[in-house]
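Both counts, for ligands and for their atoms, begin at 1 and track the order of listing. Excluded from the calculations below are hydrogen atoms, water molecules and symmetry mates; all remaining heavy atoms, backbone and side chain alike, are included.
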Amino acid sequence: MQVLLTREQIERRVQELAAEIRRDYPEDEEIHLVCVLKGGFVFLSDLVRCLHGRVTLDFIALSSYGKGTQSSGEVRLLKDVDHALEGRHVVIVEDIVDTGLTLHYLQEILRARSPKSLRTVCLLSKPSRRQIDVRVDYIGFSIEDRFVVGYGLDFDERYRELPYIAVLDGEDAAGAADPRS
Ligand code: IMP
Ligand code: MG
């Protein structure tokens, strides 16, 4: 497995993202983070500890991939948020934007709930894979079209615990489904 982003690189960038986000809202306004499970949980936990001021958070779960590494293009809501979004400054916290289909769907359903504002932060983006023009206000790192794991991101539920982000190669995926089928 080849390390793409080290723990230190991620840590520095997450701090920068938190500062950028905080700057964009009036100082006394609360920011409501909506973390997309499961991949976003590590990013959320680091981000929230760097964010100054008033912050609240909630979780949502969507289906994206099954066991492989290709998006099915079909998105389903598995777990909704617990709290209403009306009148709040909502920031979606997502691990990665790939085709953009998941995020596009999520933004549509959350926007329909009348938040005061709706923005999105993604730790990673694969711009060359985009199938839909989705707006991402804050991006940690733009990366090439490689399947990555670690820091919350999985392959078949494995590798989420890695403190860095690595490129998955054939050998790591062996035993599970073929990553490109
Ligand atoms: P999209 O709908 O194609 O943009 O896919 C979004 C979701 O697919 C992300 O939230 C991830 O859960 C997953 N995903 C996309 N690329 C990767 C990757 O390289 N590694 C792990 N998960 C990924
Ligand atoms: Mg995700």
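- Each of the following atoms of ligand 1 lies closer than 4.0 Å to a heavy atom of Asp154: 21 (C).
- Annotation: Leu103 places no N or O atom under 3.5 Å from an N or O atom of ligand 1; distance criterion only.
- Only the side chain of Lys126 comes within 4.0 Å of ligand 1, counting heavy atoms alone; its backbone N, CA, C and O stay farther away.
- Within the listing of ligand 1, atoms 19 (O) sit less than 4.0 angstrom from a heavy atom of Arg146.
- Any N or O atom pair closer than 3.5 Å counts here, and Gly100 shares at least one such pair with ligand 1.
- Arg130 pairs with exactly one of Val97, Leu101, Thr99 by the side-chain contact (heavy atoms from CB on, under 4.5 Å) rule, that one being Val97.
- Close contacts between ligand 1 and Thr99 involve ligand atoms 1 (P), 2 (O), 3 (O), 4 (O) [criterion: under 4.0 Å to a heavy atom].
- Contact analysis leaves Val134 out of contact with ligand 1, as no non-hydrogen atom separation drops below 4.0 angstrom.
- Counting only heavy atoms from C-beta outward, the side chains of Asp137 and Thr120 approach each other to under 4.5 Å.
- For the atom pair Leu124 CG and Ile143 CD1, the distance stands at 5.0 Å (nearest 0.5 Å).
- Contacts of Glu30 classified as side chain to side chain donor-acceptor pair (under 3.5 Å), with partners at least two apart in sequence or in another chain: Arg54.
- The closest approach between any non-hydrogen atom of His104 and ligand 1 is not below 4.0 Å.
- Closest heavy-atom contact between Leu5 and Tyr164: O-CB, 3.3 Å.
- Considering Val75, Leu110, Val134, Ile132 as possible partners of Tyr105, the one that fulfils the side-chain contact (heavy atoms from CB on, under 4.5 Å) test is Val75.
- For Arg160, the salt bridge (charged side-chain N to carboxylate O under 4.0 Å, His left out) partners are Asp154, Glu157, not counting sequence neighbours.
- Near Thr102, meaning under 4.0 Å from one of its heavy atoms, ligand 1 places the atoms 1 (P), 2 (O), 5 (O), 6 (C).
- Closest approach of His89 to Ser117, counting heavy atoms only: ND1-OG, 2.6 Å.
- Which of Ile132, Asp95, Asp156 comes nearest to atom 10 (O) of ligand 1 through a heavy atom is settled by distance: it is Asp95.
- Separation of atoms CD (Glu11) and SG (Cys50) is listed at 7.5 Å; rounding is to 0.5 Å.
- The ligand atoms of ligand 1 that sit less than 4.0 angstrom from a heavy atom of Asp98 are 1 (P), 3 (O), 4 (O), 5 (O), 15 (C), 16 (N).
- Residue-ligand proximity, Glu94 to ligand 1, at heavy-atom distances under 4.0 Å covers atoms 10 (O).
- When the heavy-atom distances from atom 20 (N) of ligand 1 to Val148, Leu153, Val149 are ranked, the shortest goes to Val148.
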